[in-house]
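Quick note on labels: first sequence line is chain A, next is B, and so on, each numbered from 1.
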Amino acid sequence: MSREIPKAYEPQEIEERWAKAWFDEKLFRAENSGPPGGPASDGPRFSIALPPPNVTGSIHIGHMLEHTQIDMLVRWHRMKGNRTLWLPGMDHAGIATQYVVEKKLAEEGIRRQDLGREEFERRVWKWKAESGGVIKEQMIRLGASCDWTRERFTLEPRLYRAVLETFLRLYREGLIYRGRYMVNWCPRCQTAISDLEVVHVERAGKLWHLRYPIAGTKDFLVVATTRPETMLGDTAVAVHPDDERYQHLIGKTVMLPLINREIPIIADTYVDREFGTGVVKITPAHDPNDFEVGKRHDLPEIDVMTVDGHMNDAAGQYAGLDRFQARKRILSDLESLGLLERVEDITHSVGVCDRCKSEVEPRISTQWFMKMKPLAEPAKRVVLDGLIEVVPDNQRTILLQWLENIRDWCISRQLWWGHRIPIWHCDNCKEMVPASDSRVEIVEGHARAASVPTKCPKCGGAKLTQDTDVLDTWFSSALWPFSTLGWPDDTDDLRMFYPTSLLISGYDILFFWDARMIMMGLHLSAGRFDASGRTISGPEAGLASSIPFRRLYLHSLVRTSEGAKMSKTKGTGVDPLQLTQQYGTDALRYMLASMAAPGTDIVLSEDRILGARAFANKIWNAARFLFVNLEKVESAGLTLEELAAPETRAKAPYPVKGEGALAHRWIFSRLAAVAGQVHDALEHFRFHEAAQTVYQFFWGDLCDWYIEWVKPQLTSSEREVALAAWRNIFAALDAALRLLHPIMPFLTEELWHRLPQPAGARSIALDKFPEARKEWIDVASDDAMARLQEIVVAARNIRAELKVDSKRKVDADFSTRGPMLINLLTENMEPVLRLATLSALRISKEHLDPTGAVMRSTAAFDLRIAYGDTIDKAAEIERLKKAIAALEQDIESKQKRLADVNFTTKAPEKVVDALRATMVERQLELKKLKDRLERLEGS
RNA sequence: GGGCGACUAGCUCAGUGGUUAGAGCGCUCCCCUCACACGGGAGAGGUCCAAGGUUCAAGUCCUUGGUCGCCCA
């Protein structure tokens, strides 16, 4: 072992080295975790699926936050001895990936249509092969302890099979159907998208009031619209049936301007009488509400646009124009005809494509849908029954409300990159024929449905063409927790790891993904629920038949200081790898963990990363202190081998004779308490609490007090003392590193290896997480140490006020009534004198004379230091007066409360007693301060 | 239109009805003491957005309002 160790923690080389080693050694294979030796199914398990990042992307800070939280829990469970699986993988991200590749092609002036479907798909695969590994590399570098031997991709053959199986089952059950309905259409992506993929943005717009001449009169009706170009497709105007203004017109007609089509005036309760003139144009082919009205009144649907957002032949003279150009032309034409009554400035909500931000066009088209109500019922039940615990709780309500109001899901996409729908259409009779089973075959390295129908069962026709649509990406994502474990086959992994223990995702994909996984997981695992969604008791019908995860934690999002989501295109994105280069991965992880309070979004702060980096350096240097002193271990007569032996550490704390015993008992008592707190915090996703607890323990307790306290013991001439001290300090630091490992894996791995470890020890990640050991809890030591700390701080406080040179040792006087503090001080005189930089501490039971000195008092003791003649009397009087005022106010409020019979009778006895005791102490303190003030003012 | 969240020290944020409301950073003073100046020691700094209410007790629970942000329609 080399004993050179840099003075400051330098993360770059260390992190890269360990990231590579962990990956190369397959350290995080599930098989490396859990009880050694026993049968595979023994013992507690922990399994979690990585929310698969888009294959085309790169890690952003939101991933980093997500992965840090998952990794903390995964490492923690692994160290607790659970058989632990974190299954990673990527999502083919249909529309997103196709968009990216299309944009690249556009740079060469190529459209995908120029290439044709097969060639385009080939290009996407090629591009995926080139850039698809980026995320994986980054995740490895950032320390995610995934089992990479089980990595999956949503478009790989095994997962396509799961998709086929699902589609075919739901199709046969009638839960997937095809039909002609109004959908959200993106003219840029040229595909239908689901309701969830439409984002609503507030935009400044205009409301145009148009005049529609009433047929056979010189009058006209005025309709208001934000989308005048759709008027070409109007097939009616509507008024409210009870609107007195228009009663006489119902049943008459208007002449649609520009196109000169005679259309009826109808009555429908959908019309809002208060809006505009109370007359609305009805365009069944371009508005979802008008579509419904059109159905009710049997109106024709006139689609005036093309798939790419241009006007079609039905638009007459406007055919061929882009929809926004057409709008301008139509408005100017109406104006010149005197049919534009007025224009109003408004802000309104515009639906845009989540992916490309183009304005979405409501459009009638033939698509595939999934019936969601029957699937949502069991999902609601498992959430209501607590079979799936949702954290934070308010997200549970949001989820339930969404499930309550669920609408059918448009699952088909007119894309080329994705899972192709396994339905064939008979060229002859248009019958739809599904693949006969879910088997897949590999063609050119990629999966295709293998069981292709060859003959139409209805007409016998032999010419069948596969549906050209692919499925929404979220269709395959919805199967992720079980498709990745081998479903629909009954695999060992499925038996071992399903249902997964937990899902951690951002709340922004609660509906997109989490909810759909619950619905699909429940539905595809027949047997556990009957049709009413009730839990069936008795033996489980199969391991796969269950919820996809037992707990669901929705983590916060990282936002810019303006509250917007981080966005690369807006330039507000933060590259975590760059931050890693700058500050170290562990520092970044610590910072994220420390800010990850459930339910609150995170705004990055440079200050907090710097603080985290300082913490990493502090840990490094605490270990460095032991490291550079290793020779002294040997000179104390201890071998490193013995120190490294697990048995040695297991027996800590070793009793230390004489003065030094207290601190050892205390630090292990703290360790037990802290381990308990960290367990509790992690169990409840309180990552920030876990982070803060270990920080406080390591820096405050271990470094500031324990190490400083025991330093001289390590070089003690008494061999027994030195031996025990070394054994204890190693055991304590080793435990602290294990405690820190889930948050800061690289640093702790490096230090763990640099310190003596048993032969053959592979990694701190496979070591044990510290337990809250009951036998370490030592309330008396906690209390004693707190008392001594109070005395040391009081002495330092006086020194600072007297501006005593920090190296100069001075005498002090100490007074207390009872023997308890006297004994305690006597037993710990050396460390107290040293830490307070005192030459002597004279102990008495008498009152101390404050003249010419500075004093600090608590209810239990007085401490006095006289030094030089530099006492600033005025300042001391000022300080005393302030303290007295605060105390008096406090005592007064306590007295008031204690005098209140309501309080003393209704509040718990414990609270009343505690208040009483505190008040007595305060009164004592107050008396001391008042006495002193009097003397000072009198002198 | 409906819902959710935030508002606490100069800044970024914790705070689970019950001591004198905490942390990190920043600030002031002292110290480069042999693990660490990414450090050590000491200190200053808060009418907890406002107004009502519940309670023996409210930063915490309820109601209303304000400001900001997010989501859904």
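Across all strands shown, B:rC32 forms no Watson-Crick or G-U wobble pair with both distances under 3.5 Å. Under the Watson-Crick or G-U wobble criterion, with both distances below 3.5 Å, B:rU67 is paired with B:rA6.
Summary of the strand contacts: A:Leu626 and A:Glu689 both lie near RNA chain B, and taking for each the nucleotide with the nearest heavy atom, the more 5' one is attributed to A:Glu689. Nearer to the 5' terminus of RNA chain B, by closest-nucleotide assignment, is the contact made by A:Asp601 (compared with the other of A:His200 and A:Asp601).
Among residues two or more places apart in sequence or in another chain, the side chain to side chain donor-acceptor pair (under 3.5 Å) test is passed with A:Asp704 by none. Applying the side chain to side chain donor-acceptor pair (under 3.5 Å) criterion to A:Trp752, with sequence neighbours excluded, gives A:Asp767. Take A:Thr858 and apply the side chain to side chain contact (heavy atoms under 4.5 Å, CB included) test, not counting sequence neighbours, and it matches A:Glu790, A:Ala860, A:Phe861. Applying the side chain to side chain contact (heavy atoms under 4.5 Å, CB included) test to A:Gln789 and every residue at least two apart in sequence or in another chain returns A:Trp666, A:Trp705, A:Met785. Looking at residues two or more places apart in sequence or on another chain, you find a side chain to side chain contact (heavy atoms under 4.5 Å, CB included) between A:Gln401 and A:Thr397. Listed by chain and residue number, nothing satisfies the side chain to side chain donor-acceptor pair (under 3.5 Å) test with A:Arg355 (two or more places apart in sequence, or in another chain). In this view, A:Pro362 and A:Met182, A:Arg227, A:Pro288 satisfy the side chain to side chain contact (heavy atoms under 4.5 Å, CB included) rule, not counting sequence neighbours. A:Trp620 is linked by a ring-ring contact (aromatic ring centres under 6.0 Å, His included) to A:Tyr9, counting only residues two or more places apart in sequence or in another chain.
Put simply, A:Arg608 has no side-chain N or O that comes within less than 4.0 Å of OP1 or OP2 on B:rC11. A sub-4.0 Å separation between OP1 or OP2 of B:rA23 and a side-chain N or O of A:His688 is absent.
Heavy-atom neighbours of A:Glu274 CD from other residues, nucleotides or ligands within 6.0 Å: at or below the threshold of 12. No more than 12 heavy-atom neighbours from other residues, nucleotides or ligands sit within 6.0 angstrom of NZ on A:Lys930. In the displayed structure, A:Gln12 atom CD is contacted under 6.0 Å by more than 12 heavy atoms of other residues, nucleotides or ligands.
Annotation: B:rG45 and B:rU64 have their C1' atoms spaced 33 Å apart (nearest Å). Going from the C1' atom of B:rA58 to that of B:rG69 covers 26 Å, rounded to whole Å. When the C1' atom is used for both B:rU16 and B:rU12, the distance is 23 Å, rounded to whole Å. Between the P atoms of B:rG10 and B:rC48, the separation comes to 13 Å (whole Å). B:rC70 and B:rA23 are spaced 32 Å apart, taking the P atom of each and rounding to whole Å. Only the C1' atoms considered, B:rA37 is 7 Å distant from B:rC32, to the nearest whole Å. Remark: the separation of the C1' atoms in B:rU8 and B:rC13 is 10 Å, to the nearest Å. For the C1' atoms, the distance linking B:rG46 with B:rG59 amounts to 11 Å, nearest Å.
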Identify every side-chain donor-acceptor pair in residues 901-917 of chain A under 3.5 Å, counting partners at least two apart or on other chains, and give the distances.
from: A:Thr904; atom 1: OG1; to: A:Asp900; atom 2: O; distance (Å): 3.3
from: A:Thr904; atom 1: OG1; to: A:Val901; atom 2: O; distance (Å): 3.2
from: A:Thr905; atom 1: OG1; to: A:Val901; atom 2: O; distance (Å): 2.6
from: A:Thr905; atom 1: OG1; to: A:Asn902; atom 2: O; distance (Å): 3.4

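When the P atom of B:rA73 is taken as reference, atom CD of A:Glu197 falls 12 Å away, rounded to whole Å. Atom P of nucleotide B:rC72 and atom CG of A:Asp508 are separated by 10 Å, given to the nearest angstrom. Per the geometry, CH2 belonging to A:Trp726 stands 11 Å off P belonging to B:rA35, to the nearest Å. A straight line from CD of A:Gln696 to C1' of B:rG24 spans 12 Å, rounded to a whole angstrom. Put simply, CD on A:Glu404 is 19 Å from P on B:rC72, counting in whole angstrom units. Rounding to whole angstrom units, CG of residue A:Asp195 and P of B:rC71 are separated by 17 Å. In this structure, A:Leu604 places its CG atom 13 Å from C1' of B:rC13, rounding to the nearest Å. Atom CZ of A:Phe698 is separated from atom C1' of B:rC38 by 14 Å (rounded to the nearest Å).
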Reading 5' to 3' through nucleotides 39-49 of chain B, protein heavy-atom contacts under 4.0 Å coded B for base, S for sugar-phosphate only, - for none: SSSSSSS----
Heavy-atom protein contacts under 4.0 Å, nucleotides 54-60 of chain B, coded B base, S sugar-phosphate only, - none: --B----
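Between A:Trp699 and A:Phe615, the two ring planes are parallel [angle under 30°; tilted spans 30° to 60°].
Using a 4.0 Å heavy-atom cutoff across all strands shown, A:Arg686 reaches at least one base atom of the nucleic acid. When heavy atoms are screened at a 4.0 angstrom cut-off, A:Ala622 is found touching base atoms of the nucleic acid. If you check every strand for non-hydrogen atoms under 4.0 Å, A:Glu708 touches a base.
Among the nucleotides B:rC32, B:rA35, B:rA14, the one closest to the side chain of A:Ile707 is B:rA35. Nearest nucleotide to the side chain of A:Lys7, out of B:rC36, B:rA14, B:rC72: B:rC36. Ranking B:rU19, B:rG15, B:rC29 by closeness to the A:Arg922 side chain, first place goes to B:rU19. Here the side chain of A:Gln692 is nearest to one of B:rA35, B:rA14, B:rU16, namely B:rA14. The nucleotide whose nearest atom lies closest to any side-chain atom of A:Lys711 is, among B:rU12, B:rG24, B:rA35, B:rA35. In this structure, of B:rC70, B:rC38, B:rC32, it is B:rC70 that holds the atom nearest to the side chain of A:Arg559.
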Check nucleotides 6-10 of chain B for protein N or O atoms closer than 3.5 Å to its own N or O atoms and list the pairs.
none

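Between the side chains of A:Gln395 and A:Tyr553, not a single donor N or O lies within less than 3.5 Å of an accepting N or O.
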